[in-house]
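I have placed the structure first, in the form of structure tokens, so that the comments after it can refer back to it.
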Amino acid sequence: MERVRAGEESPERKTNGKEEEESAPGNSANVAEAEDKQPEEDNDHLKLISWNVDGLDGEKQPERARGLCSYLTSHCPDVVLLQELVQPYVRFLKKRLAADYTFIEAGKEHYFTGMMLKKSRITLLDSDIVSYPTTHMLRNLLVAQVLFKGQKLCLMTSHFESCKNNAAERMRQLRLVMQRMREAPDDVIVLFGGDTNLRDYEVAKVGLPSSVSDVWEQLGAPEACRYTWDTQTNTNKGIRFTCRCRFDRLYLRQATSDGALQLVPDHMSLTGLEMLECGRYTSDHWGIYCRFSACLR
């Protein structure tokens, strides 16, 4: 969900001393504590977070940006796929996490998507921004070619066209992503994560290639991870009616060449479920945290 413009309040602004002393997940003390207690790297797994961080919402931006940083340092993911980034958020994250992560952004103005790649685990080879020819919302596809444990991996993130009446454009964007996933070289694993804004009937109309799996479905469609945009619980937007949707999704296509590594999902959960002390959640979306086992075919 988007607002027309970003708020003027910057995540980098300090409002008063109490703000820095808050005990919510998003305060600076907890960020420092999380950084001191980062889990050890797990060589047999790849950990990923995909999250629409709602950077366009100007309400309580400093607290929410700190909340985001705290969640990231707590989970210590190898790959972070972010949507609805704005420059104040990027500057805030880089100031605290640039030593450990490589940052890639699909834009510089208004709002855009981005990736964070853990330097000790992921080697960036190349990146590209693919335009959606008929988008009316400046949406695109961010693609990164990387190495993980010597295996070629193509990472993708996007923020598909929003609003129910833009289903036709959203389905065109899904078709483009599926085509690129299907046509990737057979020695490359392709992993997409993002805010798709998709409804199930739209996915059914387009159809997924036989080689591409919906990771949530592959894990048995766990009910606890079904709704990533849920106005029944998340009150950030102040919406009075209940709307529960699985807008945020992960898609996976395995490499099929001999000797290629496989990424097998073995855990998924939602993140960002705690309300911060400021009375807001980190975003109006829940983030998706997913862990993949790395094994040979």
Side-chain angles (χ1 to χ4, degrees), residues 1-2 24-26 30-31 34 38-39 42 45-55 57 60 63-85 89 93 113-116 155-160 162 191-200 203 213-239 242-252 263-293:
M1 300 287 291
E2 302 88 35
N30 282 347
V31 169
Q38 282 189 10
D42 183 352
H45 291 90
L46 179 130
K47 296 183 292 184
L48 175 146
I49 285 179
S50 179
W51 204 344
N52 179 325
V53 297
D54 195 20
D57 185 354
K60 303 296 181 180
E63 296 91 337
R64 290 172 40 237
R66 283 194 293 274
L68 171 61
C69 193
S70 181
Y71 281 117
L72 294 182
T73 53
S74 175
H75 285 296
C76 200
D78 303 303
V79 174
V80 184
L81 308 175
L82 299 174
Q83 304 86 46
E84 270 192 54
L85 278 173
Y89 266 54
L93 291 170
T113 61
M115 295 186 189
M116 297 168 55
L155 299 171
M156 299 180 177
T157 190
S158 187
H159 184 189
F160 288 177
S162 305
L191 184 53
F192 169 93
D195 176 7
T196 69
N197 283 302
L198 286 165
R199 284 69 171 169
D200 289 341
V203 178
S213 63
D214 182 317
V215 174
W216 177 75
E217 293 179 351
Q218 189 175 347
L219 284 167
E223 189 64 25
C225 304
R226 180 183 295 271
Y227 302 116
T228 64
W229 197 73
D230 182 2
T231 64
Q232 179 174 294
T233 304
N234 193 311
T235 55
N236 273 21
K237 294 299 183 186
I239 295 174
T242 296
C243 183
R244 311 181 81 199
C245 299
R246 191 165 70 94
F247 285 157
D248 305 86
R249 304 187 181 214
L250 303 180
Y251 292 119
L252 174 65
L263 291 180
V264 181
D266 59 24
H267 171 80
M268 178 181 285
S269 58
L270 298 180
T271 191
L273 301 176
E274 291 182 86
M275 181 177 283
L276 307 177
E277 281 199 357
C278 65
R280 307 275 291 184
Y281 292 97
T282 299
S283 173
D284 63 328
H285 287 246
W286 308 135
I288 298 175
Y289 170 76
C290 192
R291 187 183 65 208
F292 300 82
S293 295

- Message: Could you check whether Asp230 pairs with Arg244 (Lys NZ or Arg NE/NH1/NH2 to Asp/Glu carboxylate O, under 4.0 Å)?
- Response: yes
- Query: To the nearest 0.5 Å, how far apart are NE2 in His45 and CG in Leu263?
  - Reply: 10.5 Å
- Query: Measuring from Lys237:NZ to Cys243:SG, what's the distance to the nearest 0.5 Å?
  - Reply: 13.0 Å
- Message: Looking only at the side chains, is there a donor atom on one of His285 and Asp54 sitting less than 3.5 Å from an acceptor on the other?
- Response: no
- Side-chain heavy-atom pair Trp286, Leu273 within 4.5 angstrom cut-off: yes
- Item | Residue that, paired with Trp51, satisfies side chain to side chain contact (heavy atoms under 4.5 Å, CB included) out of Leu81, Leu68, Val80, Ile288 | Leu68
- Query: Under 3.5 Å, is there a donor-acceptor pair between the side chain of Thr271 and the main chain of Gly287?
  - Reply: no
- Nearest atoms (heavy-atom pairs only) where Gly67 meets Leu276: CA-CD2, 4.4 Å
- Tyr289 and His75 aromatic ring geometry - parallel, tilted or perpendicular at 30°/60° bounds: parallel
- dist Leu48:CG -> Leu155:CG (nearest 0.5 Å) comes out at 7.5 Å
- Task: May I ask you to decide whether Arg291 forms a salt bridge with Asp78, counting only side-chain N to carboxylate O separations under 4.0 Å?
- Result: no
- Message: Quick check for you: to the nearest 0.5 Å, what is the distance between Leu82 atom CG and Leu93 atom CG?
- Response: 7.0 Å
- Could you tell me whether a side-chain N or O of Thr196 sits under 3.5 Å from a main-chain N or O of Arg249, the two making a donor and an acceptor? no
- Test item: Val53 and Thr282 side chains (from C-beta on) under 4.5 Å apart, heavy atoms: no
- Message: Tell me the closest heavy-atom pair linking Pro265 and Cys290, and the distance in Å.
- Response: CB-SG, 4.4 Å
- Message: Distance check, rounded to the nearest 0.5 Å: Lys47 atom NZ versus Ile49 atom CD1?
- Response: 9.0 Å
- Would you say the side-chain atoms of Thr73 pair up with the backbone N or O of Cys69, donor to acceptor, closer than 3.5 Å? yes
- Distance-only donor-acceptor check, side chains Asp284 and Trp229, under 3.5 Å: yes
- Within a strict 4.5 Å, meaning less than it, do heavy atoms of the Thr113 and Leu85 side chains meet? no
- Side chains of Arg226 and Trp216 in contact at under 4.5 Å (non-hydrogen atoms): yes
- Item | Test item: side-chain donor near acceptor, Gln83 and Asp195, under 3.5 Å | no
- Item | Identified side chain to side chain contact (heavy atoms under 4.5 Å, CB included) partner of Arg280 from the options Glu63, Met275, Arg64 | Arg64
- Enter the distance from Asp248:CG to Cys225:SG here, rounded to the nearest 0.5 Å. 12.0 Å
- Is any side-chain heavy atom of Met156 closer than 4.5 Å to a side-chain heavy atom of Leu191? no
- Taking it one step at a time, do Asn52 and His159 satisfy side chain to side chain contact (heavy atoms under 4.5 Å, CB included)? CA-CA 8 Å; Asn52 179 325; His159 184 189; 3.8 Å; yes
